[in-house]
Amino acid sequence: MAFLGSQLPAPVDQQTASDGSMVFTGGAPAEVVVNLADSSVVVSEYAGVWESPDRFVVKLRRVGMLKWRRLPETPLMNALSALIKGAREMRLARYRPCTVCGAKRPPEALFSDDVCYSWEEPPHTVVH
């Protein structure tokens, strides 16, 4: 588990899934998700879709799975590192620049015409 934390982009969030497996999510915004079960580890690229304007659903893209109990420690760590690196590179390659401010954002943070949330929302005005 410490190895996963050292390989994932910071910050790393760790949760226990309903099936007892451990789920590690790395990055802010999220980039890579690793699910560690009794005999396998699944590495996925973080992704999702907006089902409605106020409902975002995570839809992970599986990059690979390892049966970790079958592999010696060094090859396991090398393979896991490569999968995490590949998932992160895939995720970052999907980032696009906002057409207004130019900042690179994940796809789910861009709205119509590739405009980020900073510019899509109407300005907040305080009236006294």
Hits for side chain to side chain contact (heavy atoms under 4.5 Å, CB included) against Ala109, two or more places apart or cross-chain, chain-then-number order -> Arg105, Pro106, Tyr117
Atom pairs and distances, side-chain donor-acceptor, residues 35-44, under 3.5 Å, sequence neighbours left out:
unit_1, atom_1, unit_2, atom_2, d
Asn35, OD1, Ser21, OG, 3.2
Asn35, ND2, Ser21, OG, 3.4

Test of understanding: with side chain to side chain contact (heavy atoms under 4.5 Å, CB included), list the residues that count as partners of Asn78, not counting sequence neighbours. Thr74
Restricting to side-chain hydrogen bond (donor to acceptor under 3.5 Å, both in side chains), what partner residues turn up for Arg94, sequence neighbours left out? Glu45
For Asp13, side-chain hydrogen bond (donor to acceptor under 3.5 Å, both in side chains) partners two or more places apart: Gln15
According to a hydrophobic-cluster definition based on side-chain heavy atoms being under 4.5 Å apart (Ile, Leu, Val, Met, Phe, Trp, Tyr only), do Val32 and Phe3 belong together? yes
Keeping to residues at least two apart or across chains, list the salt bridge (charged side-chain N to carboxylate O under 4.0 Å, His left out) pairs with something in residues 16-30. none
How about Leu66 and Leu80: do any of their side-chain heavy atoms sit closer than 4.5 Å? yes
Going by the rule ring-ring contact (aromatic ring centres under 6.0 Å, His included), which residues pair with Tyr95 if we only count those two or more places apart in sequence or in a different chain? none
Taking the basic N atoms (NZ, or NE/NH1/NH2) and the acidic carboxylate oxygens, is any pair closer than 4.0 Å for Arg91 and Glu108? yes
To the nearest 0.5 Å, how far apart are CZ in Arg96 and CG in Asp114? 4.0 Å
Closest approach of Cys101 and Cys98, non-hydrogen atoms and distance? N-SG, 3.4 Å
With a 4.5 Å cut-off on side-chain heavy-atom distances among I, L, V, M, F, W and Y, is there a chain of contacts connecting Val12 to Val33? no
Can you list the steps and then say if Val34 with Val23 is a side-chain contact (heavy atoms from CB on, under 4.5 Å)? CA-CA 6 Å; Val34 176; Val23 179; over 6 Å; no
Do the side chains of Val49 and Met90 join up, straight or via other hydrophobic residues, at under 4.5 Å, putting them in one cluster? no
Non-neighbouring partners of Arg55 that pass salt bridge (Lys or Arg N to Asp or Glu O under 4.0 Å), sequence neighbours left out: Glu51
Hey, what do you get for CD (Glu89) to CD1 (Ile84), rounding to the nearest 0.5 Å? 12.5 Å
Less than 4.5 Å apart, side chain to side chain, heavy atoms only: is that true for Gln14 and Met22? yes
With sequence neighbours left out, which residue pairs that include part of residues 34-78 fulfil the ring-ring contact (aromatic ring centres under 6.0 Å, His included) condition? Trp50-Phe56
For Glu73, all residues meeting side-chain hydrogen bond (donor to acceptor under 3.5 Å, both in side chains), sequence neighbours excluded: none
Using the side-chain hydrogen bond (donor to acceptor under 3.5 Å, both in side chains) criterion, which residues pair with Asp54? Sequence neighbours excluded. Ser52
Keeping to residues at least two apart or across chains, list the ring-ring contact (aromatic ring centres under 6.0 Å, His included) pairs with something in residues 19-44. none
For Gly26 and Leu8 the tightest heavy-atom approach is CA-CB, 4.2 Å
